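Okay, so here's the structure we're looking at.
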Amino acid sequence: MLSFGVLCLECRQRIALTANYCRHCGHARPGSHWRRDVRLPSRELSAETTVTRGQRRWFALAAVVALLAVGRWPIEAITSAIALATALYIGVLVYRLLMFRDALRNPTMMRVSDADARALSDDELPPYTVLVPAYREPEVIGQLLRAVDAIRYPKDRLDVRILLEADDLETWRAAEAARPSSNVTLVRVPPVGPRTKPKACNVGLAGARGQFVTIYDAEDLPDPLQLRRVVAAFRRAPANVACLQAQLSYHNADQNLLTRWFTAEYGLWFGQMLPSLVIRGAPLPLGGTSNHFRTDLLVAIGGWDPYNVTEDADLGIRLHRLGFRTQVLDSVTLEEGNSDFVNWIKQRSRWYKGYLQTWLVHMRHPRTLWRDLGPAGFVGFNLFVGGTPAVVLINPIFWTLTALWFIGRPDWILALFPGWLYYLGMASMVIGNAAVLYISMVSARTSGRPSLVLAATLQPVYWAMMSVAAIKALAQLLSAPSFWEKTTHGLDQPVADSDDRAAA
Amino acid sequence: MTVLQPRPLAVASAPPRALTLPSIDPWRLLRPAPVVLLFAAYLAVGLAFSLGAGIVTGDAWSRVGNAYYVLFSRDPHLAAIGFVWNPLPSLLELPILPFVGLWRPLVDHGVAGSLMSAACMALAVRELWLWLRDLGPSRPVRIGLTAAFAAHPLILLYGGNGMSEAPFLLFLIVAGRAFSDWVASGSVGRLAVTGLALALAYLTRYEAVAPMIAIGLLTLMVSYHRARGTRQQRVIEAAADGLIVGMPPIGAFVAWALASWLIVGSPFATFTSIYGNTSQVALSLAAIRSSTGDTPVAAAIYVGQQIGGLEPFLALIGVVAVLISLLRRDMRVLVPLAVFGSVLAFSTLLFVGGSSFGWLRFSITAIPLAATVVALVLSPNRSVARWSSGTPRLAAIARLVPVARLAPVFRVPASVARRAASAPRILVSVALVALVLGGLPSAANVVFDGRLAREESPQLRGLVGGDRAMPAERNEFLASGAVARYLDARNLPRGSVVVDVALGFWVVLQSAHPEQFVITPDRDFDKIVEDPAIFNVPYVLVSPPTGVAALNALERSHHGMFADGGGIATLVQEFDDAGGRPAWRLYRVDE
């Protein structure tokens, strides 16, 4: 199997990322002293190329067929396209409704009580590595170190690695100035290859000493007992569980309407949707942080794909394909919810771009994917990972058509929608949107934060924002697929001097 | 090509299992049997009227017609479902109609309606059974109460005749059960089900606004009472719960009003349409008043007599329930009152106010009300909490009745629970169930009463008495059947006869060629009615403009249409009913 490589700066030949020197020209790589050979995902499973040659041929063929069809039989062709889009829409919708109903009836999550978590003696707690990738975040380093200190885990077994890019001098200085304790290591990530979080995490993984490894973002506030819960849960879990995903939520939920929507959405995602995917045996797209892995299994799986901007989602699919499983853990990590519209659009467009990347990567060999995931998993993957950006892209088209129809009743719309399609489309749009809105409200109510229910009623505006982000994502997928649009943090602080921190 | 690594871990796999046959539990196969039997029973009642005696309830048949026009009329389109009455009963019948080619009575005897109402009523009985089981009285009590509902004469009638009362009761009982579960457990999913069931109930009959409001208020109250925290937090929690239960029905209300406004130009066609309730009642006011009395007091007495006929001991049961609930500080009794009692109150108010026909079926919710209230009174104690005050005498009375199940508002004396003797309890259970069952003979009597059951008694007499006691429905059925056969025999081309199906559905639904008619839901109906000659529609079919029939579009457009052709047509054929009076006239339009 090919291991992923980078180009040697001297001779431009490909060498392994983990190599200490170039075997072609002998040029030594500065600052490299890896202790573990991390075999990263092969090119077949990496988003290094967004579309393979095979996929490009398929897309070209589809484009040619579509153009011919539209040229020869325009009305029928566009009607078929609309019918297909409606079918996809209904499929995604019905799947979500079923998942929600499952989750309400059968809320399964791995639960470790506080007492059980505290009862673990120090001997029973293995070494644990916590990776914290940070980039241009000098103002949150202090908070980060405090949050790390608050974690209830014996310091001699807690290996905290803060991953800093080599050129990020200000964060480095801030970290050193904050006087981290002895179990905190500042790791220098070399400035080669794609400048992304997953690449940094792989570098951190290579040097990880712990039996378990997890990622936290620099501004995260994890549940102090989370690591203990993970240890206890892994003991109970079957041998093929490679990952435990904790719940993510926001501490600034009530800051403004956007954070309320965001918190309600996360509540639905982690509280109902992910556990439901576990029940259905479908692969779980992991959350951005608080995914706890068994280090040996994570290395076997191949770590994170450095080219994928939602490396967590990709890893979740990959580990499922390889026969491992993820469970959801009932423990909460509080993050900072994006409270600024532009910042939110950037973050969300990165997520959609990553989902599209992930879908393209894993659909390179659909038959193999079907074999790996099974029918339930295959359907779940397509409807969830592919369906999420797809539906959000389709929505504005149909809303625009509906608006045009009610305003002007132009004849061409009448021609495009034969009777049955019109009623089907109208029903799915009205019932679909109403159902998704209602699900968000019910989920917000079960989350124990009733103030979110009122915000949830205004969700259609949120959906419009999602569509904007999805269009941006599609554009960026074509132009700069591995570009990581950095989310600005610290916007929940009253004095936001971080506003002028431009995205990378 | 190996794309992926081989699996590194030997995952523990189960040893191969020996082949075994799946075990079949015979009782599981029988589980749907009660619902199927009930369905068959209600359908049999319905078919006895329609196929056996040729008596088809007009309103029910009209709902079948609405669905039929969507698929088989000259201008098939979904909006033909009609906006005067709420659409769900017709929508439920829509999937049955494509089979009309296999069995014509589905439409020409309204059997599609009977199928729909029988299925809904059987499911309603099942749902009531499940609700009683949730409440917890003993098995014999549950059997007695469910039988009192399922075998009630009015339920039997409306299970079979295709009217919208059956789906309405179904959705109300579903909502009531889910709501009572929410009051007991606080589970949000159950509150969501309540909201959805209320939305469906609204789409079935507009009277559902009464329970929508009542349940909404009750949700706010219970939620506020249960919430913890500051006043503002409690208000937010109550508002959140109110939104959960209120969104679906309000959404259904707005969506239906919007659709109605977009398509027919009026959001509340039930009240504003010329064919709507308001208009019909206004026309028939004199006839209504003659049976029911002139003054509001007389009207109230009339309704009281109707309810008293259906459930003679309802008042007594109600008083006992309220007293016991006050003793126990148990507010669960408000749930059936909100669900069923609100509908009773609403229809009574409308009738006393002069905007309702006052049919007996408007009080149908009295029947499940009695059953659920008795079940609440008789549900046993599952947990015990302290009572803060109470006199020995009250405690003695409360001891007679098995005490209630847990809810946060309950407070019950521990001593009472411990010493709840079984003998008095059984006596009280038997007495209350007997009160409910004892209503059945009285109900059987009232449905034959010509004054109180103005719709049902003629039909029943017609069923029992044959053609000697011919009800209006049979008369119409026979007369319009003759018209339909006459027109079918003429082999007319598409769109030859214009008829207003608000009144003329009797004919159209018995015809084998529905596309020969130009009917009210057709999108060009109004233009054709104005001037049939220009649109080359040769024939006009009208009935005598008495009472509600005066709303006939043709009569309104061309005054005197029935009498002499309204100046635009000449008489071709007259059809008399069984009494020799002219029922239909076919006119040929002058060039």
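The structure displayed is predicted, hence computed values, not measured ones. Just so we're on the same page: letters track the sequence lines, and every chain starts at 1.
Results of the side chain to side chain contact (heavy atoms under 4.5 Å, CB included) test with Arg445(A) over Val188(B), Leu243(B), Leu191(B) single out Val188(B) as the only residue that passes.
Residues Tyr438(A) and Leu196(B) meet the side-chain proximity criterion, which asks for heavy atoms closer than 4.5 Å.
Within a 6.0 Å sphere centred on CZ of Phe99(B), other residues, nucleotides and ligands contribute 12 heavy atoms or fewer. Counting non-hydrogen atoms of other residues, nucleotides and ligands closer than 6.0 Å to CD1 of Ile431(A) gives a total of 12 or fewer. Heavy atoms from other residues, nucleotides or ligands lying under 6.0 Å from CH2 of Trp399(A) number 12 at most. Within 6.0 Å of CZ on Arg126(B) lie no more than 12 heavy atoms contributed by other residues, nucleotides or ligands.
The most heavy-atom pairs under 4.5 Å with chain B, out of Leu452(A), Leu104(A), Val442(A), Leu454(A), come from Val442(A).
Contact annotation for Ala79(B): only backbone heavy atoms (N, CA, C, O) come within less than 4.5 Å of a heavy atom of chain A. Residue Leu437(A) touches chain B through its side chain alone, counting heavy-atom pairs closer than 4.5 Å.
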